[in-house]
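What follows is a short report on a single structure.
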Amino acid sequence: MSSVVSVQADETKLPPFSKASVPPAPDYESAAGWLDRPEDPDRFGVDIIWIYPTVLFDNSAWLMDITRKDLVAAAAETVTTEARIFSGQANLYAPFYRQMNLAGFNLPEKERDALVAYGENDVSRALRYYMQHHNKGRPFILAAHSQGSYVLTQLLVDHWGKLGIEDQLIAGYVVGWSITEEDLRDNPAIEICEEAHQTGCFISYNSVAPGKQKDSPVILPGAIVVNPLTWTREDTLASAELNRGSTFFNQDDTYQTYPGFASAQIADGGLAVVAKDPKRLDVPFFPSGVYHGYDYPLFFENIMTNAAQRIQAYLAKKK
């Protein structure tokens with residue numbers, strides 16, 4: 001995980017980092033430590049843990065202060081958009097974590113890793129607390145995007161296979177970051193999904209326009225890709241006809257779903273996407289043709305269906 005990500009953010013405008021500027025750690029015994037927890041934790045027999053993407057972009061601080069209302073609102077928006085995929089199928093738990101400012105990806109590796117370590121430690125503590133106090137033996141889905149997937153991948157490489165909870169995993173959607181061949185060599189316990197009904201495995205991909213793979217700061221050398229239209233690692237084209245629906249959210253909480261909006265093909269470490277209207281896929285902070293912000297929306301209905309498939313497959317095996 002040594003590659004440095006280059007993004008369009010200006011680390012020179014941020015105040016110097018110091019231990020005194022580190023915000024307090026989330027307390028997961030308190031409701032204030034959680035972005036979201038289910039009102040009825042027994043509604044579903046399955047849980048999902050959602051690790052939200054980067055929401056700290058400004059020049060105020062290097063680490064997210066989880067008491068800032070604007071950042072809390074931005075993180076909460078990912079629950080009602082991206083994580084909405086899973087919300088009708090599982091009890092959703094979303095811990096706060098002191099994520100790194102987007103500009104931190106431009107720092108030298110040692111400095112970047114020191115900042116990311118705060119978020120990693122938070123998510124690690126949140127997962128331990130969840131397993132001890134909330135899980136109650138239920139199977140669970142891990143899902144994340146962008147920096148959330150970066151943090152989750154680091155934790156998987158370091159700890160997966162040693163936790164004693166691995167047989168409860170339905171699947172892990174580690175989207176918007178790269179799980180690499182190097183990661184699998186470092187920890188062979190991490191299994192990549194090869195088919196739609198497989199359980200105990202992980203899915204990773206990064207959406208780009210064809211030929212834009214090298215422009216994506218989140219496609220790392222040796223990136224492993226699962227196609228969300230076929231749920232395999234085959235590099236044949238999955239036509240737009242297989243796309244059950246791309247879902248785009250509006251500021252007023254409404255949304256539109258367009259079946260057949262985009263095709264997908266694994267190529268050069270990325271997921272090459274041909275969209276009917278690529279102009280609507282531009283993302284701030286990322287080069288044109290890097291569809292990072294739409295990794296989940298582009299394949300919304302397919303992921304929702306797939307989560308149901310994997311849940312049913314897991315429960316059927318446990319009968």
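Worth knowing before you read on, the calculation uses all heavy atoms, side chains too, and leaves out hydrogens, waters and symmetry mates.
- Within the structure, disulfide (SG to SG under 2.5 Å) pairs that include any residue of residues 133-223 comprise C193-C201 (at least two apart or interchain).
- Under the side chain to side chain contact (heavy atoms under 4.5 Å, CB included) criterion, S204 pairs with I179, sequence neighbours left out.
- The local environment of CD in E234 is sparse, with at most 12 non-hydrogen atoms from other residues, nucleotides or ligands closer than 6.0 Å.
- T180 and S178 share no side-chain donor-acceptor pair at under 3.5 Å.
- I311 and F44 are members of different hydrophobic clusters when ILVMFWY side chains are connected at heavy-atom separations under 4.5 Å.
- Not counting sequence neighbours, the partners of Q309 by the side chain to side chain donor-acceptor pair (under 3.5 Å) test are N306.
- Under a 3.5 Å cut-off, the side chain of D215 and the backbone N or O of F286 do not form any donor-acceptor pair.
- Residue pairs satisfying the disulfide (SG to SG under 2.5 Å) criterion with at least one member in residues 20-79, sequence neighbours excluded, are absent.
- Applying the salt bridge (Lys or Arg N to Asp or Glu O under 4.0 Å) test to R37 and every residue at least two apart in sequence or in another chain returns nothing.
- A donor-acceptor distance shorter than 3.5 angstrom exists from the side chain of Y294 to the backbone of R280, with no hydrogens or angles considered.
- Pairing each heavy atom of A75 with each of V55, the nearest pair is N-CG1, 3.8 Å.
- With hydrogens and angles disregarded, no donor-acceptor distance shorter than 3.5 Å links the side chain of Q89 to the backbone of S87.
- Between the side chain of E166 and the backbone N or O of L163, at least one donor-acceptor pair lies under 3.5 Å.
- The side chain to side chain donor-acceptor pair (under 3.5 Å) contacts involving residues 260-273 comprise nothing, where partners must be two or more places apart or lie in separate chains.
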Margin query: Walk me through whether Y255 and F300 qualify under ring pair (Phe, Tyr, Trp, His ring centres under 6.0 Å).
Written below: CA-CA 12 Å; Y255 58 91; F300 193 94; 7.1 Å; no

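- Under the 30°/60° scheme for interplanar angles, the aromatic rings of F248 and F261 are found to stand perpendicular.
- Under the 4.5 Å side-chain heavy-atom criterion for ILVMFWY residues, no single connected hydrophobic cluster contains both V208 and V274.
- Under the side chain to side chain contact (heavy atoms under 4.5 Å, CB included) criterion, D252 pairs with N250, T254, sequence neighbours left out.
- Residue R244 comes nearest to N302 through the heavy atom pair N-OD1, 2.8 Å, listed as atom of the first residue, atom of the second, then distance.
- Applying the side chain to side chain contact (heavy atoms under 4.5 Å, CB included) test to S60 and every residue at least two apart in sequence or in another chain returns L56, D58, R68.
- Going from atom OG1 of T81 over to atom CD1 of I85 covers 9.0 Å, rounded to the nearest 0.5 Å.
- Residues that satisfy the ring-ring contact (aromatic ring centres under 6.0 Å, His included) test with W231, not counting sequence neighbours, are absent from this structure.
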* Please assess R98 against V22 for the test side-chain contact (heavy atoms from CB on, under 4.5 Å), listing each intermediate value before the final yes or no. => CA-CA 9 Å; R98 292 169 296 176; V22 175; 3.6 Å; yes

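- Around atom CD of E241, no more than 12 heavy atoms belonging to other residues, nucleotides or ligands sit under 6.0 Å away.
- For A83 against L92, the heavy-atom pair with the smallest separation is CB-CD1, 3.8 Å.
- With hydrogens and angles left out, the side-chain atoms of Q168 and N135 include a donor and acceptor closer than 3.5 Å.
- Within the 3.5 Å criterion, the main-chain N or O of D158 finds a donor-acceptor partner in the side chain of K162.
- There is a side-chain donor-acceptor pair under 3.5 Å between S207 and D295.
- Listed by first and then second residue, the disulfide (SG to SG under 2.5 Å) pairs that reach into residues 138-182 come to none, sequence neighbours excluded.
- In the displayed structure, Q132 atom CD is contacted under 6.0 Å by more than 12 heavy atoms of other residues, nucleotides or ligands.
- Listed here is the closest heavy atom pair of V72 and M64: N-CE, 4.5 Å.
- Every pair tested for disulfide (SG to SG under 2.5 Å) that includes a residue from residues 274-319 fails, sequence neighbours excluded, so the list is empty.
- With rounding to the nearest 0.5 Å, the separation of OG1 in T232 from CG in N227 is 6.0 Å.
- Here F96 and Y28 keep their ring centres 6.0 angstrom or further from each other.
- Residue pairs meeting the side chain to side chain donor-acceptor pair (under 3.5 Å) criterion with at least one partner in residues 43-56, sequence neighbours excluded, are D47-N91, D47-Y130, D47-R138, W50-T78, T54-Q147.
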* Asked: Are F105 and Y150 close enough, and set up right, to give a ring pair (Phe, Tyr, Trp, His ring centres under 6.0 Å), and what steps lead you there?
  -> CA-CA 11 Å; F105 284 108; Y150 175 35; 5.7 Å; yes

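- Grouping the Ile, Leu, Val, Met, Phe, Trp and Tyr side chains by contacts below 4.5 angstrom, directly or via other members, places F57 with W177.
- Checked against a 6.0 Å centroid threshold, the rings of H292 and F285 do not count as neighbours.
- Under a hydrophobic-cluster definition in which Ile, Leu, Val, Met, Phe, Trp and Tyr are linked whenever side-chain heavy atoms come within less than 4.5 Å, directly or via other members, I192 and I170 are assigned to the same cluster.
- When the side chains of ILVMFWY residues are joined at heavy-atom separations under 4.5 Å, either directly or via intervening members, V79 and F86 end up in a single hydrophobic cluster.
- Taking all atoms of both residues into account, the shortest heavy-atom contact from Q213 to I219 is O-CD1, 3.8 Å.
- Nearest heavy atom pair, residue A223 against residue G269, reads CB-O, 3.6 Å.
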